[in-house]
Structure formats: structure tokens, C-alpha cells
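Source: prediction; values computed, not measured. In the text below, chain A, chain B and the rest are named by the order of the sequence lines, each starting its count at 1.
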Protein chains: 2
Amino acid sequence: MTDVAKSLNVSKTLVSMVLNNKGDEFGINQETQQRVLDKVKELNYKPNRIARGLRTGKSNLLGLIVSDISNPFYAKIARSVEDKVSKLGYNVIIASSDEDAKRESDLIQIMRDHQVDGLILSTTQTDNVDIKQMKKDGFPFVLIDRKVPRLDVNHVVVDNFKGGLQATEHLIKNGYKRIGLITISPSHLSTMKEREDGYKRALKENGVRFDKRLVAEVPFENLKEGVLGVLKSFMKPELAVQAVFVANNHVATACLEAAEQLGLRLPLDLAMVSFDDIELFRFCYPPVTAVAQPVGLIGDSAVDVLMDALKGLSETKKITLEPSLVIRKSCGEHLV
Amino acid sequence: MTDVAKSLNVSKTLVSMVLNNKGDEFGINQETQQRVLDKVKELNYKPNRIARGLRTGKSNLLGLIVSDISNPFYAKIARSVEDKVSKLGYNVIIASSDEDAKRESDLIQIMRDHQVDGLILSTTQTDNVDIKQMKKDGFPFVLIDRKVPRLDVNHVVVDNFKGGLQATEHLIKNGYKRIGLITISPSHLSTMKEREDGYKRALKENGVRFDKRLVAEVPFENLKEGVLGVLKSFMKPELAVQAVFVANNHVATACLEAAEQLGLRLPLDLAMVSFDDIELFRFCYPPVTAVAQPVGLIGDSAVDVLMDALKGLSETKKITLEPSLVIRKSCGEHLV
DNA sequence: TTGAAAGCGCTAACAC
DNA sequence: GTGTTAGCGCTTTCAA
């Protein structure tokens, strides 16, 4: 910047003003402004955002923490976040926590050390210490996908209860009574909890007896084997499960695989509804019925909320989006 | 930092040294060091990385630019990059270019403005001005997935020619002679070009006549309709295509959809091999035969190469990874 | 073994 | 209309 200023015999201040579009505000000659702009081009000068950040206290960087960026659900959210914030002049640092609370905590710290201006995160924490800390510090952030109990913070989630309800009701309507549920640990996640609640409510409202042996939880780190084991036990005569509601796309895929290994024909031997709709579900055999989440909208809304928080608006925003059941053929629809 | 220093009656210098693990190097009392560390904890002091970055010229940030982070292929790469660099103390800014050269150029600029220490990118440029500029500036970067002709720069790619060759040969071995190819524009991409070359070579080596009417290119922005149109024309009696080799996972999905719309039964009416294997291909109907790319390894190697570049090692590294054909049932394997 | 001081590149308050 | 100056929070000579 000094170079530009010197070669024009003006001060750095002036250059800075022009570059920040504050030329008019400070009443600087149009001609002078143009000269600055030209010189900047000529010297191919690029402002150093780090220096600017040091001075302004802003980095124009936002953080996004999800459990796994290679999960299509989060990848789509990431994409919509990126699209939206880039229009607003921000960039985004993305990281995966692997459902590990410690790792998540570290990531939050690292991102804050990097002076991100705000954070969008899908938390896996159970004690929420970091969330509380951020709130206490007045640091701008939005929770997505998962909310935390009893804490007044911004969030953008979908109505998991309703999704679980719809999915299970659909199964019941199609004539299934022995309906299993496979969730994923950590089980404290609000999403899993609510989907389970929806499942239970659907059973209750439709007079289907709840059997707790039909609810299984498999560990995130060991999905495939976990699901295989669960399916095996579900198939035993004493349980005689006819249909499963699986709690997310990973479990659905694992379930498809396990069914294949066990020689189960879907939906004849076992019907399945998934939570999370992903593109290829449509072309699976059988096409997978799933509760679709408005992924694009989640990212979009999260950015909206975060932008408000960045502006210092203090009321917390809690947004709940609607899921929708996409009916295909994995629940014996053709039999009805 | 001043707070820590003052409350301990030492200088900022000393605190800085201790925090950067240079205490011993400068021969500072163990006891003093411990006092500093304790105080830092007590005051919950966090170093400001922006300020440090301004001083050291390093941001500990790396950039990753791909065409679309929600494409599973890139999402997996992103994940492996993230995993690897986080162990090395870096974070990564991710952005999508949408195969738009201008956007890519802007992104490179933005990331460099953010003082990223290095860049990993899957370029879509045809003139490579930005690539040349980075090389000229001595800025550390690695190309992934796609290489650029006649330019001596780091890259990590897979052998697309071989992949195309294998895929097409497989089709030929299964008895197909009228084999279509669907690539995706921008067609100058090295990947597309090489896959096409592999396709041509396979035909030649196996004495199948090349018919240029069987090579189609659909625009990235308008895939679904494009593929539908292509499939329609391929089905005309004068072309009588029996099998297609599709150039990536998006085209494969679009092809699945178009086939459904046209009432084509795979592989009876049309066989298909895809480039890019994605998890659910296994469970599609029919399960999709595909050329799998070592996604994890691409990310991993790219980071290795970038780290060397960061250290100032100047020889350029060009890594070519091996693809592998995963045979399922979309090419009439059961008929053979 | 420790500290003073300069300065990274920029912005903003305050002159003139 | 334009320039001077004082930092932002840190690291790194250099001196003691």
C-alpha cells in the first residue's frame, strides 16, 4: 500500500479510503480516486486481509463444523452455506468432528483462534460447555440439524419428530405392525431422540404395541457390523420384525448391505423407510422411501440467522423446517 | 498477551517465547515457563492467530477449490484432505467453482488475499493464467484430479486413460459393439479428454469401429436434459447403441434417470459403465459397474505434495494414481 | 536469563 | 479534500 501511496504522492490513508469505497464519503476527488484505482491495478496491489483483519477485528471467515463433510447430507448443506456466504463476501472454513465431542471442542477453539467471525455447527456435545461459552462470550453462532435442550441459542433444525411420525405412520398404513427402529449413537443427539419420539407416537396413535426390543442403537464408528447384528436379531422368530425405520442415510445404506448379506428381499422380507433422502435412493433396488430434509434451506437459513447475529441483533432465532416423506417402493407400496 | 506479561511482571517477549515452545531454546527458567503457562490458563488467554499471521506471514490456512463440494467424489477428497492437514496444524477453506473459470479465478484470488499458505485445486481453466501466475509467484499449490498440458506444476491425478480403457474393454468383452460415450463439458478438462482417449483406444485395439456420432458431450449446467436427449438419439435405429460409458457419477445418475423415463431396462436395453464409483452404486438397480478412483489417496497425496512445496522444495511432483474397475451388473455380466 | 523496541500492513480518529 | 499518527497483537532482532 505504501508503494501505491508513494508513487502517487498521497497518503496511505487516502489509498485505504478509496479501496474501501469510502472515497465519496470522505469527499475525495473523483479524479484522485481514479488515479489510485489505476495505480493499484498497475502495481497489481492486493490488500492484505490479515493486516486488515488485525485492525478491524474481522476476518471475513466463517466456520462450519459438521460430523462428516463427506456425508451427502452435510456436503449439500456445506454447498448451500458456501454459495450464500460467498455472495456476502465471506469464506468458509469447514471441518468434521466425527461425532467426537473432544474433537468438536478443539475445532471450535481452533476456528475461534483463527478469528472466524461466526460459526455454524452441528453439535455432538452432551454437556454443551463450548456452546455455553460461546453464548457467554457473545460470539455469533448458529446450531444446525441438532438443537440443545434448555439453552436459548440460535438454531435451524428440521422437525424430526414429525419426520419420524410420518415415516412410521406410512409403515403402519402399509400394513406393518412389527416395526423396528435403528438409530445411531451418540444417542443424546436431539435428532435421534426426536425421530424416536415420532416413531413411538405413531405406534401409539395407531394402536400398535411398543416393544422396546425393536429399538436398536448402533455406534457411529461401527455402523456396518452394528446394523448387520441388529437385522439378524430383528429377524429372529421371537421378534419377527417386518419393517424398519432407519434414522439416517448411513444406516439406510448399511441396512441395504446387511439385507443383501442376509438374503433378505426388500420389501418382501423387510420394508424400510429412511430418514435423509439422497439422490441415488431413487435408483436403488428397491427405490428407498425416505423422509427428505430441505438441505438447501437449512444452509440458507443458517446463514441468514448468522448474519443477523453478526450484526449484533441479540434475540435468538429458532427455526424449524418441515421434512417431507418421499414415497418410493421400499415399504411394499406396490402390495397395498 | 500484555495482560499475562504484566500480571507476571515479565515481558511480552518472554510470554511469546514460552508459548511458542522456544523457552528452552532461549534458556528460560523452567519455573518461569511454568508460571507463564499457568497464568495463560488462568486468564484463559488465546493467542490471536491473525496477529501472529501478520507477523510471521503464515496463516496456517490451506485452500481447497473444487467444482462442487456436494459431489461425493470431491466431498470424499475434501474429507481426506481435512483429516490429513488437521494433524499438521492446518485448517482448510473450501470453495466450489461450478466449473466456471471466472469464478475459479476469483476464488484463487480471494484465498490468496486470505493469505492461505497453499492451495489444492481441481482446475477448470483453459488458459491457465492463474496457474501460471501462481507458479511465477512461487506460491505453493497442487492440482488434483485434472492436470494442465505443457505446464510443469505439481499434480495428483488418476490414470483416466487407463480407466476409460478398462471400462470400454469390459463392455466389449461383454459382447457390446455399439458403445456410446457421454462426457461432460467443459470438454477441455484433461479428465474428460483422457477418458475419451481410453475409450477410443479400447475400440481400436479390439477392432470395433469408432463412430463419432456415438460420442456426446452434455453441459455441466444442464445435465439431466442433456443426457435424456443423448439417450434418445442413441436409441434411434440408425445408431442402435447397446451400451454407454458415462464419464462421471453425475452423468451416471442422470443416465439412470433418463433410462427410467425412456423405459429402458438396464442392462437389457442398454448397458452402462460409470467413471467414479460411489457407495450407493452397489445398491442401484442394476448395481452399477464403475471405475473407482482412490479418493482418499488423492487427498492424502495432494497434502503430502503441498507440504513439500510449503517447505520450499522446488522440484515439481507429478503423481498418477491407479483406478480400478468395480464390476457389478449394469453391463449384462449375468448374460455372459 | 530476560526485556525494549521495531515493525508486519492496515484503518480510523483527528488534525489541517 | 487530504495527511498525520497511533495502534491492532504478535514475533524477533538486539542489547543488557
Side-chain angles (χ1 to χ4, degrees), chain A residues 1-40 43-61 89 109-117 137 139, chain B residues 1-37 39-40 43-61 89 109-117 137:
Chain A
M1 193 156 102
T2 311
D3 292 350
V4 177
K6 276 207 178 132
S7 72
L8 245 34
N9 275 317
V10 297
S11 72
K12 285 196 298 176
T13 312
L14 197 154
V15 176
S16 167
M17 285 167 172
V18 174
L19 257 33
N20 289 300
N21 289 318
K22 292 185 181 162
D24 294 338
E25 189 180 316
F26 286 90
I28 290 164
N29 245 326
Q30 286 306 323
E31 187 226 347
T32 314
Q33 295 201 33
Q34 197 52 54
R35 274 171 54 222
V36 171
L37 262 17
D38 290 346
K39 200 50 139 188
V40 162
L43 299 181
N44 192 31
Y45 160 78
K46 304 287 172 196
N48 180 326
R49 294 177 86 128
I50 293 229
R52 175 181 295 172
L54 182 59
R55 184 62 232 230
T56 60
K58 283 200 55 184
S59 64
N60 281 303
L61 240 34
Q109 193 55 61
I110 291 171
M111 295 215 172
R112 293 192 61 182
D113 288 353
H114 267 301
Q115 317 298 125
V116 296
D117 295 333
D137 297 345
F139 181 79
Chain B
M1 192 155 103
T2 311
D3 292 350
V4 177
K6 276 208 177 130
S7 72
L8 244 35
N9 274 318
V10 296
S11 72
K12 286 196 298 177
T13 312
L14 197 155
V15 177
S16 168
M17 286 167 171
V18 174
L19 256 33
N20 289 299
N21 290 316
K22 293 187 179 161
D24 293 336
E25 187 179 318
F26 286 90
I28 290 164
N29 243 326
Q30 285 307 323
E31 186 226 349
T32 314
Q33 295 201 33
Q34 196 51 55
R35 273 170 55 220
V36 171
L37 263 16
K39 199 49 139 188
V40 162
L43 298 180
N44 192 31
Y45 161 78
K46 304 288 173 196
N48 181 326
R49 294 177 86 128
I50 293 230
R52 174 180 295 172
L54 181 58
R55 182 64 230 232
T56 60
K58 284 200 54 184
S59 63
N60 281 304
L61 239 35
Q109 194 54 62
I110 291 171
M111 295 214 172
R112 293 192 62 182
D113 288 353
H114 267 300
Q115 316 299 126
V116 295
D117 295 333
D137 297 345

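- Legend: residues meeting side-chain contact (heavy atoms from CB on, under 4.5 Å) with B:Asp24, ordered by chain and number and at least two apart, are B:Gln30, B:Gln33.
- We find that CG of A:Asn9 is positioned 11 Å from P of D:dT4, with the value rounded to whole Å.
- A:Leu43 and A:Ser7 get closest at one heavy-atom pair: CD1-OG, 4.2 Å.
- The residue A:Asp3 sits apart from the nucleic acid: no heavy atom pair falls under 4.0 Å.
- Nucleic acid contact class of B:Asp24 (heavy atoms, under 4.0 Å, all strands): none.
- With the end axes of the helix from C:dT1-D:dA16 to C:dC16-D:dG1 each set by five pairs, the angle from one to the other reads 40° at 10° resolution.
- Taken from OG1 in A:Thr56 to CG in A:Asp117, the straight-line distance is 8.0 Å, to the nearest 0.5 Å.
- Inter-residue side-chain proximity for B:Val18 and B:Val40 is flagged as unmet; no heavy-atom pair is nearer than 4.5 Å.
- Separating the CG atom of A:Asp113 from the P atom of D:dG9 is a distance of 14 Å, rounded to the nearest angstrom.
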| note | Scoring nucleotides 10-16 of chain D by protein non-hydrogen atoms under 4.0 Å (B base, S sugar-phosphate only, - none) yields BBB----
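- Protein chain B contacts DNA chain C from C:dT1 to C:dG9, reading 5' to 3' and using non-hydrogen atoms of the protein with a distance under 4.0 Å.
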| said: One pair to check against side-chain contact (heavy atoms from CB on, under 4.5 Å): B:Leu61 and A:Leu61. What are the steps and the verdict? | reply: CA-CA 11 Å; B:Leu61 239 35; A:Leu61 240 34; 3.7 Å; yes
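- A distance of 10.5 Å separates CG in B:Leu19 from CG in B:Leu14, rounded to the nearest 0.5 Å.
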| Step-by-step side-chain contact (heavy atoms from CB on, under 4.5 Å) determination, B:Ser16 to B:Met1 | CA-CA 8 Å; B:Ser16 168; B:Met1 192 155 103; 3.8 Å; yes
| query | Please walk me through it: do A:Val15 and A:Lys39 pass side-chain contact (heavy atoms from CB on, under 4.5 Å)? | reply | CA-CA 10 Å; A:Val15 176; A:Lys39 200 50 139 188; over 6 Å; no
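- Partners of A:Lys12 by salt bridge (Lys or Arg N to Asp or Glu O under 4.0 Å), not counting sequence neighbours: none found.
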Would you mind writing out the side-chain donor-acceptor pairs for residues 45-55 of chain A within the sub-3.5 Å range, not counting sequence neighbours?
{"residue": "A:Asn48", "atom": "OD1", "partner": "A:Ile50", "partner atom": "N", "Å": "2.7"}
{"residue": "A:Asn48", "atom": "OD1", "partner": "A:Ala51", "partner atom": "N", "Å": "3.0"}

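- Of the two residues near DNA chain C, A:Ile50 and B:Leu14, the one whose nearest nucleotide lies more 5' is B:Leu14.
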| said: Is there a side-chain contact (heavy atoms from CB on, under 4.5 Å) between A:Thr32 and A:Arg35? Walk through the geometry before answering. | reply: CA-CA 5 Å; A:Thr32 314; A:Arg35 274 171 54 222; 4.3 Å; yes
